[in-house]
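None of these values were measured; they are calculated from a predicted model. In each ligand, atom 1 is the first atom listed, and ligand 1 is the first ligand listed.
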Amino acid sequence: MSNFHYKKSLGQNFLKDELVLDKIIEESQIDENTLVIEIGPGAGALSYKILKKAKMAILYEVDTRLEKILYKNLDEFSNFKLIMKDFLNADVMSDIKDYQYKKIYLIANLPYYITTPIITKIMKEKLPISKLVVMVQKEVADRFTALPNTKSYGSFTVLLNYYYNVRKLFDVDKSSFEPVPKVDSSVIELIKKEDAVVKNVDFFINFVRDCFQYKRKNLKNNLYKYDLKKIDKILSKYGLNIYARAESLTLEIFIILANELC
Ligand code: SAM
């Protein structure tokens, strides 16, 4: 966009590659029963394509300079509500309550500086979003899809994979954005899992975080306030012991441990 001063502090790298925009829409499989939430519509490049397919879309944009531009670029549509607000402070349940829909998807080229807080908000507030298709920093995509015993595997990987089936869809070249960012990007898909197998979600979240508290320390050191004998006994069934590090535990083992300890 000429004459627009992009704000780095708001993660403003707008997508200009039509092929990438089309690929995101194709992967999203939005239909006339879908309510879409988009965080950070920018100038509306992705929103335009969303609105062609979706029943309704709620767009959250924090930069007030974009309000006029968005109404102008999206003037052929009436199936959207633009909320000029920081998504992290939004009352999403109240914003969606007046609409009828069969499913809610979140589709966005996310502002990278708040990727984790955005997903944490969605999990914490139990927002009824069944699928997310989002552009994130490539390094973040690698963390979200990391396997045990790898450098990128951490407490957020475990928690995210508890709530969602996480999959990388495709990588996106830096040149697809304006201005060109320093980091590489990937589009990922998160599909909400149906079965909640954890007995006490709050306990589970704290337990996983405690396991990873000091990444270089073993479970014995990180879990000193828990019943170590019990943990060791459970781990022994899986060929592990309390001297293992959290990064070697699979999601299933975290769930079993948390359910036994809570
Ligand atoms: N969707 C557009 C596109 O793909 O061209 C713009 C994406 S750009 C990576 C991120 C957008 O998120 C910017 O428009 C920025 O102003 C907006 N944004 C940043 N922080 C936000 C927040 N807390 N709540 C809502 N929008 C935010």
Side-chain angles (χ1 to χ4, degrees), residues 1-28 30 36-54 57-74 77 79-96 104-125 127 129 132-141 169-189:
M1 270 199 311
S2 54
N3 298 330
F4 184 78
H5 175 69
Y6 293 94
K7 282 192 183 164
K8 221 176 165 184
S9 61
L10 290 179
Q12 290 182 339
N13 297 96
F14 291 3
L15 247 178
K16 60 172 188 188
D17 187 328
E18 285 290 320
L19 289 177
V20 175
L21 288 161
D22 286 339
K23 222 166 155 190
I24 295 174
I25 298 296
E26 194 188 314
E27 292 283 359
S28 307
I30 306 164
V36 173
I37 294 176
E38 187 190 0
I39 302 167
L46 186 58
S47 332
Y48 187 92
K49 292 183 188 273
I50 290 171
L51 293 173
K52 280 194 155 177
K53 299 251 177 191
I58 300 183
L59 319 174
Y60 292 95
E61 175 55 65
V62 77
D63 188 345
T64 49
R65 297 173 306 156
L66 291 163
E67 186 171 15
K68 259 195 191 160
I69 297 171
L70 277 165
Y71 279 121
K72 183 168 166 276
N73 289 349
L74 304 176
F77 302 101
N79 56 336
F80 73 96
K81 179 174 169 181
L82 176 59
I83 300 180
M84 299 305 297
K85 211 183 215 177
D86 179 343
F87 176 76
L88 295 178
N89 298 328
D91 182 349
V92 180
M93 290 308 278
S94 148
D95 293 336
I96 61 178
I104 306 184
Y105 292 173
L106 190 144
I107 317 292
N109 172 16
L110 289 178
Y112 293 172
Y113 73 108
I114 46 168
T115 300
T116 303
I118 286 173
I119 296 176
T120 304
K121 175 184 170 89
I122 293 166
M123 296 195 293
K124 239 183 168 172
E125 296 182 6
L127 299 180
I129 297 170
L132 292 85
V133 175
V134 286
M135 176 93 70
V136 297
Q137 202 175 320
K138 187 169 178 293
E139 197 189 304
V140 171
L169 296 177
F170 54 92
D171 292 327
V172 179
D173 198 84
K174 290 185 178 94
S175 61
S176 304
F177 300 89
E178 186 187 344
V180 177
K182 285 205 176 78
V183 294
D184 291 318
S185 298
S186 304
V187 174
I188 57 167
E189 172 191 76

**Q** Determine the minimum heavy-atom distance between Ala43 and Leu66, stating which atoms define it.
**A** N-CD2, 4.4 Å
**Q** Tell me which part of Tyr112 gets within contact of ligand 1: side chain, backbone, both or neither, using heavy atoms under 4.0 Å.
**A**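 The answer is neither; Tyr112 stays 4.0 Å or more away.
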**Q** Contact between Ile104 and Ile96 at the side-chain level, heavy atoms closer than 4.5 Å - yes or no?
**A** yes
**Q** Only heavy atoms of Leu110, strictly under 4.0 Å: list the atoms of ligand 1 that pass.
**A** 9 (C)
**Q** For Met135, is the nearest heavy atom under 4.0 Å from an atom of ligand 1?
**A**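 No; Met135 lies far enough from ligand 1 that no heavy-atom distance drops under 4.0 Å.
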**Q** Taking 4.0 angstrom as the limit and counting only heavy atoms of Lys85, give me the atoms of ligand 1 inside it, by number and element.
**A** 24 (N), 25 (C)
**Q** Looking only at non-hydrogen atoms, which of Leu66, Val62, Asp17, Val20 approaches atom 18 (N) of ligand 1 most closely?
**A**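 Answer by nearest heavy atom: Val62.
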**Q** Measure the distances from the heavy atoms of Phe177 to every atom of ligand 1 and state whether one is below 4.0 angstrom.
**A**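 No heavy atom of Phe177 comes that close to ligand 1.
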**Q** Below 4.0 Å from ligand 1: does a non-hydrogen atom of Leu21 turn up there or not?
**A**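 False for this residue.
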**Q** Determine whether any heavy atom of Ile114 lies closer than 4.0 Å to an atom of ligand 1.
**A**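 Yes, Ile114 has heavy atoms under 4.0 Å from ligand 1.
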**Q** Looking at ligand 1, is there an atom of it that comes within less than 4.0 Å of some heavy atom belonging to Asp86?
**A**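 Yes, Asp86 has a heavy atom closer than 4.0 Å to ligand 1.
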**Q** Where is the nearest protein heavy atom to atom 24 (N) of ligand 1: which residue, which atom, and how far?
**A** Phe87 N, 3.0 Å
**Q** Please list, in number order, the atoms of ligand 1 under 4.0 Å from a heavy atom of Gln12.
**A**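 Reading through ligand 1 atom by atom, the close ones are 13 (C), 15 (C), 16 (O).
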**Q** Which is it for Ile50 and Phe80 under the side-chain contact (heavy atoms from CB on, under 4.5 Å) test, yes or no, and what are the steps along the way?
**A** CA-CA 10 Å; Ile50 290 171; Phe80 73 96; over 6 Å; no
**Q** For the 3.5 Å polar cut-off, considering only N or O atoms, please tell me whether Asn109 and ligand 1 meet it.
**A** yes
**Q** Select one of side chain, backbone, both or neither to describe which atoms of Pro41 lie under 4.0 Å from any atom of ligand 1, heavy atoms only.
**A** backbone
**Q** Look at ligand 1 and say whether Lys16 reaches it with a heavy atom at a distance under 4.0 Å.
**A**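 No.
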**Q** Closest heavy-atom contact between Ala90 and Glu125?
**A**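 Taking Ala90 first and Glu125 second, the nearest heavy atoms are O-OE1, 4.4 Å.
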**Q** Taking distance alone, with no angle check, do Glu61 and ligand 1 share an N/O pair under 3.5 Å?
**A** yes
**Q** Check each atom of ligand 1 against the heavy atoms of Glu38 and keep those under 4.0 Å away; list them by number with element.
**A** 1 (N)
**Q** So which of Gly40, Ala43, Gly11 gets nearest to atom 6 (C) of ligand 1, if we judge by its closest heavy atom?
**A** Gly40
**Q** Take atom NZ in Lys53; do more than 12 heavy atoms of anything else shown fall under 6.0 Å from it?
**A**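 Open.
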**Q** Throw together a table of side-chain donor-acceptor distances under 3.5 angstrom for residues 108-118, partners on residues two or more places apart or in other chains.
**A**
{"unit_1": "Asn109", "atom_1": "ND2", "unit_2": "Asn13", "atom_2": "O", "d": "3.3"}
{"unit_1": "Tyr112", "atom_1": "OH", "unit_2": "Ser185", "atom_2": "OG", "d": "2.6"}
{"unit_1": "Thr115", "atom_1": "OG1", "unit_2": "Tyr112", "atom_2": "O", "d": "3.2"}

**Q** If I apply the N/O under 3.5 Å rule, does Leu88 come out as touching ligand 1?
**A**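 N/O-N/O distance under 3.5 Å: no.
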**Q** Considering non-hydrogen atoms only, spot the tightest contact between Phe177 and Lys16 and give its length.
**A** O-CE, 4.0 Å
**Q** For Phe77, which residues count as a ring-ring contact (aromatic ring centres under 6.0 Å, His included) partner, sequence neighbours excluded?
**A**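 ring-ring contact (aromatic ring centres under 6.0 Å, His included) list for Phe77, sorted by chain: Tyr48.
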**Q** Between Glu61 and Gly42 (side chain of the first, backbone of the second, donor and acceptor by atom type, cut-off under 3.5 Å), is there such a pair?
**A** yes
**Q** Which atoms form the tightest heavy-atom contact between Ala54 and Asn79, and what is the distance?
**A** O-ND2, 3.1 Å
**Q** Can you name the nearest heavy-atom pair linking Ser28 to Ile107, along with the distance?
**A** OG-CD1, 3.5 Å
